[in-house]
Structure formats: C-alpha cells, structure tokens
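All of these numbers come straight from a predicted model, not from anything done at the bench. Numbers restart at 1 for each chain; the letters A, B, ... are given by sequence-line order, proteins then strands.
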Protein chains: 2
Amino acid sequence: MPEPLLGTAEPGGVPGAAREAVPEEAPRRRLTGRQAATVGSLVEAAVAELREHGYDGLTVRNVARRAGVAPATAYTYFGSKDHLVTEVFWRRLRALPDPAPGPGDSLAARAVAALRDVVLLVADEPALARACTAAMLTSEPDVRHLRERIGGWIHRRLAHALGPAAAPGVLGALELAYTGAMVQAGMGHLTYERMADRLTEAAELICGGTA
Amino acid sequence: MPEPLLGTAEPGGVPGAAREAVPEEAPRRRLTGRQAATVGSLVEAAVAELREHGYDGLTVRNVARRAGVAPATAYTYFGSKDHLVTEVFWRRLRALPDPAPGPGDSLAARAVAALRDVVLLVADEPALARACTAAMLTSEPDVRHLRERIGGWIHRRLAHALGPAAAPGVLGALELAYTGAMVQAGMGHLTYERMADRLTEAAELICGGTA
DNA sequence: CTACTTTCCGGACAGGTGTCCAGTGAGGGA
DNA sequence: TCCCTCACTGGACACCTGTCCGGAAAGTAG
C-alpha cells in the first residue's frame with residue numbers, strides 16, 4: 001500500500017517540510033483542486049453505488065467507472081474499498097452541526113443531544129449506514145487511521161457536551177453504549193430510530209446516578 | 001450458497017413440519033459422526049491458523065489443507081471464511097460455565113458476573129479474539145444466523161443473571177455496553193482486560209440507580 | 001512553443017473467494 | 001457378496017481485490 005494520499009485535508013499539512021528518512025507517516029500534502037474534485041466524485045459515486053447495490057455489491061472498479069476515473073486512480077486515493085466507504089461516513093460526520101447548547105439541561109440531556117444526531121445521521125439510508133458500519137470495522141491501516149480520527153471526534157464531542165465536571169467513567173460508559181448502538185443497528189436487529197431511543201435510555205441510566 | 005449443512009446441532013429442529021413455500025430455512029439435519037469429526041477438525045485447524053497468521057492471513061484453503069480435507073468440503077459445512085471463524089467463537093461461548101450464583105449480590109455485581117467472563121473468554125488470545133470480532137460483523141446469511149444465536153444466548157444469560165425484577169431498559173443498556181466493549185476491544189484501543197474493567201464500571205453506572 | 005512535472009489511464013498480474021461438478025472410495029443394507 | 005449411498009476429492013471457473021508500471025494528457029513554467 002503506497003500511502004494513499006488522502007490526508008482528509010486539514011490545515012497543518014506540512015507542504016514541503018518533513019521529507020526524508022520517514023517511510024511511514026506520509027507527508028500528507030494537501031490535495032490540489034483537481035485532486036479534491038477527483039476524490040469528491042469518487043465519494044459521490046460510492047454513495048450512489050452503495051444506495052443501489054449495498055455494501056457487498058459495491059466494487060471499487062464500478063465506483064471508479066461511475067466517477068469517470070480509472071481503477072488505479074481510485075486506489076491512489078483510497079487504499080481499499082473499506083477506506084473509501086469509511087471516508088463517506090467521515091464526511092457526513094464532519095458536516096454535522098454542533099449539538100444544541102441548552103445550558104440548563106441535565107447531564108443526560110446533554111449526552112443525548114450529542115449522540116442522538118450521530119446515530120440518526122444515516123438513519124434514513126440503512127443500506128448506506130450498514131455499509132459504513134461494516135467498512136469501519138476492518139483492520140486495514142487506512143481504515144484504522146480514519147477510525148481513530150472518528151473515535152477522537154466523537155470523544156471530543158461528547159466530552160465537550162458533558163463539560164469538565166462529569167465523572168470520567170461516565171464518558172467511557174457512554175462511548176461503549178454508543179459503539180454498541182451503532183454496531184447493533186448496523187446489524188439490522190432494530191432500526192436506527194429505535195436504536196437511538198434505546199441509546200437515549202441507556203444514556204439516562206448511565207448519567208442518572210451522577211446528575 | 002447451497003445451505004451449509006452446519007445447523008450447529010441442537011434438539012428442536014422441526015423434523016417434517018413447516019414444509020413448502022419456504023425456500024430458505026433449510027431442513028437442518030444433524031451431523032453424522034464422521035461429519036462432526038470433519039467440522040471439528042476444521043474448527044481446530046482454523047484456530048491454529050488464526051493463532052499463526054491472524055484473521056487476514058487465514059485462508060479457507062489453508063485451513064482445509066491443515067484439517068486434511070479438500071477445500072470444497074470445507075465449503076460444504078461453512079459458507080464462508082467468516083462463518084468458519086464465527087463458529088470458533090460460538091463453540092467457545094458454549095463451553096463457558098454459568099455465572100456464579102451469588103444470591104446476595106447487587107444487581108450490578110450479577111450483571112458483571114454474567115458479562116465479564118464473556119469478554120475475558122478470548123482475552124489471552126488477542127489475535128483470535130480480533131478475528132472473531134471481525135468475522136461476526138459480516139453480512140453473510142450464515143454469519144447473520146449464528147450471530148443471532150449468539151446474541152440470544154447472551155441476552156438470556158444476562159436476563160437470567162439479573163432476574164425477572166430488573167427494569168427492561170437496564171438489560172438493553174447492558175447489551176449495548178457489552179457490544180461496544182467487544183467491538184472496541186477488537187479494534188485494539190484497549191486490551192480485553194482493561195475493557196472488561198471499563199465494562200464493569202459501565203455496568204455499575206447502569207445498574208446504580210436501579211439497585 | 002517547448003520542456004517538465006504531476007496526474008491519470010489502461011491493462012496485466014498474483015492472489016483469494018465462493019461455486020460447480022464429474023468422479024472416487026469407504027460403510028451400511030439387502 | 002454385491003451394490004448403493006453419501007461424504008469427500010480435485011480441479012476448473014468467474015469474479016474481486018490490491019499492486020505495478022509504461023505511457024498519454026493536462027497543468028505549469030521558461
């Protein structure tokens with residue numbers, strides 16, 4: 001895997017520095033306009049393909065064809081099929097607004113506000129949601145890296161919602177419940193809506209004693 | 001997929017009833033002695049292969065070779081690689097003893113007793129554990145079916161441990177936390193031991209208000 | 001307009017997956 | 001004893017994955 005160049009663009013990507021003697025941890029240069037357009041069309045095509053054929057039916061080659069791009073080009077930016085669909089999820093996450101402030105809310109209410117949107121983010125597109133869940137659980141390094149970003153993002157979102165006063169165990173417990181909810185929903189036992197309710201209930205139990 | 005004959009033998013498989021108009025849901029006849037030996041050796045070989053090469057390095061053909069069996073034979077019993085390694089986990093689960101009674105214990109203590117063993121079941125073989133986690137999250141019908149069995153098994157174990165008096169939401173929340181713990185541990189953020197501690201903490205929070 | 005770099009193409013490649021099927025051989029029943 | 005069933009064989013198949021590489025094409029100078 002020759003370091004898929006997709007650093008999920010973010011300020012701070014060293015432009016020309018940090019060369020040499022560091023085979024791993026790629027330079028992660030930013031994407032030029034054309035490159036960004038290419039990965040954008042790849043992501044869009046992946047979403048379309050996912051809607052039509054689901055995760056198992058998705059093929060990197062088909063996504064590339066749909067995006068009007070050669071397969072090898074797709075593999076330039078995404079190290080694997082799973083990396084591609086994880087990126088779909090990650091982009092949706094980042095588009096999510098911050099949880100409503102609600103300063104007077106209880107701890108549980110704040111936790112719910114932070115988590116519920118995330119679960120419902122893809123609720124109306126189960127095929128897409130299940131695909132993302134499946135892809136995110138892979139062991140490829142690219143996916144792993146993105147997953148850690150996502151995990152960190154959620155951790156910060158939750159921590160920020162709870163405020164500094166919350167007991168540390170509460171945060172961990174909520175993250176456990178959140179992960180469980182996403183995975184169980186991805187497996188189709190319950191709809192995402194019902195799972196969001198269940199997660200809400202769990203959050204209230206977890207925060208209950210600490211009010 | 002021509003119905004892998006592995007019904008994970010269990011009494012109660014309707015013998016001749018419920019026929020017709022149901023192409024799915026195979027007859028699920030039991031395995032003969034020789035068949036059982038074959039699948040047994042396949043499972044053993046899978047474990048060995050998993051220990052040596054991990055999930056990604058495991059090949060159905062290699063497992064078959066190791067078990068002294070033709071690849072096609074392996075596919076007769078297991079519809080996929082993931083089905084095979086999920087079966088590994090399922091067999092270990094079933095070998096687990098019932099949680100210690102402890103009649104005077106708190107709700108949280110009983111929940112922990114029921115869940116902790118399950119998390120620690122494969123704790124000393126991380127490669128194996130991660131493989132099982134990865135395999136179980138697949139969408140193949142065979143895996144799905146086995147997964148539902150496993151989910152039901154855990155549900156009953158938990159429900160039995162908590163007793164009939166426990167609030168229904170508590171059970172759901174614990175299941176969420178358990179799933180989250182297994183998945184997160186499978187991803188290697190924390191060791192299984194530490195994750196078991198975290199799950200314990202979550203269980204106490206969840207049961208705390210309901211004591 | 002030319003030279004050079006970066007991006008992308010297209011196609012071949014080595015593996016793995018799951019499927020299929022004609023055929024072999026050992027065990028059980030008549 | 002013969003035969004027949006059924007588990008298993010072995011190898012070919014279609015398809016997908018991720019990798020590699022020579023060369024076309026698009027941009028950016030000079």
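Side-chain proximity of A:Lys81 to the nucleotides C:dG18, D:dG18, C:dC8 is greatest for D:dG18. Taking every side-chain heavy atom of A:Tyr75 into account, D:dG18 is the closest of D:dC8, C:dT17, D:dG18. Of the listed nucleotides (C:dG16, C:dT19, D:dT19), C:dT19 has the atom at the smallest distance from the side chain of B:Arg61.
Rounded to an integer number of Å, the gap from B:Leu84 CG to C:dG16 P is 16 Å. Separating the NE2 atom of B:His83 from the P atom of C:dG18 is a distance of 12 Å, rounded to the nearest angstrom. Remark: C1' of C:dT17 and CG of B:Leu58 are 12 Å apart, rounded to the nearest angstrom. Here C:dG18 presents its P atom at 13 Å from CZ of B:Phe78, a figure rounded to the nearest Å. One can place CD of B:Glu140 at 14 Å from C1' of C:dT19, the figure rounded to the nearest angstrom. Rounded to an integer number of Å, the gap from A:His53 NE2 to D:dC15 P is 15 Å. Rounded to an integer number of Å, the gap from CG of A:Leu42 to C1' of C:dT7 is 13 Å. As a whole-Å value, the separation of A:Tyr77 OH from C:dT7 P is 6 Å.
Counting only residues at least two apart or in different chains, side-chain hydrogen bond (donor to acceptor under 3.5 Å, both in side chains) contacts with residues 171-183 of chain B comprise A:Gln184-B:Thr179, B:His155-B:Glu175.
Judged by distance alone, the side chains of B:Arg147 and B:Thr86 never bring a donor and an acceptor atom under 3.5 Å apart.
Every residue two or more places apart in sequence or in another chain that forms a side-chain contact (heavy atoms from CB on, under 4.5 Å) with A:Arg65 is listed here: A:Asn62. Not counting sequence neighbours, B:Thr73 has no partner by the side-chain hydrogen bond (donor to acceptor under 3.5 Å, both in side chains) test. Scored by the side-chain hydrogen bond (donor to acceptor under 3.5 Å, both in side chains) test, B:Asp98 finds no partners at all (sequence neighbours excluded). The side-chain hydrogen bond (donor to acceptor under 3.5 Å, both in side chains) search around A:Arg157 returns none, not counting sequence neighbours.
Close to C:dC8, at under 4.0 Å from its OP1 or OP2, lies a side-chain N or O of A:Thr38.
A heavy atom closer than 4.0 Å to some atom of DNA chain D occurs in B:Gly68, B:Val69, B:Ala70, B:Ala72, these being the qualifying members of residues 64-72 of chain B.
At the heavy-atom level, B:Thr73 lies under 4.0 Å from base atoms of the strands shown.
For the pair A:Lys81 and A:Tyr55, the distance from NZ or CZ to the six-membered ring centre is under 6.0 Å and the angle to the ring normal is within 45 degrees.
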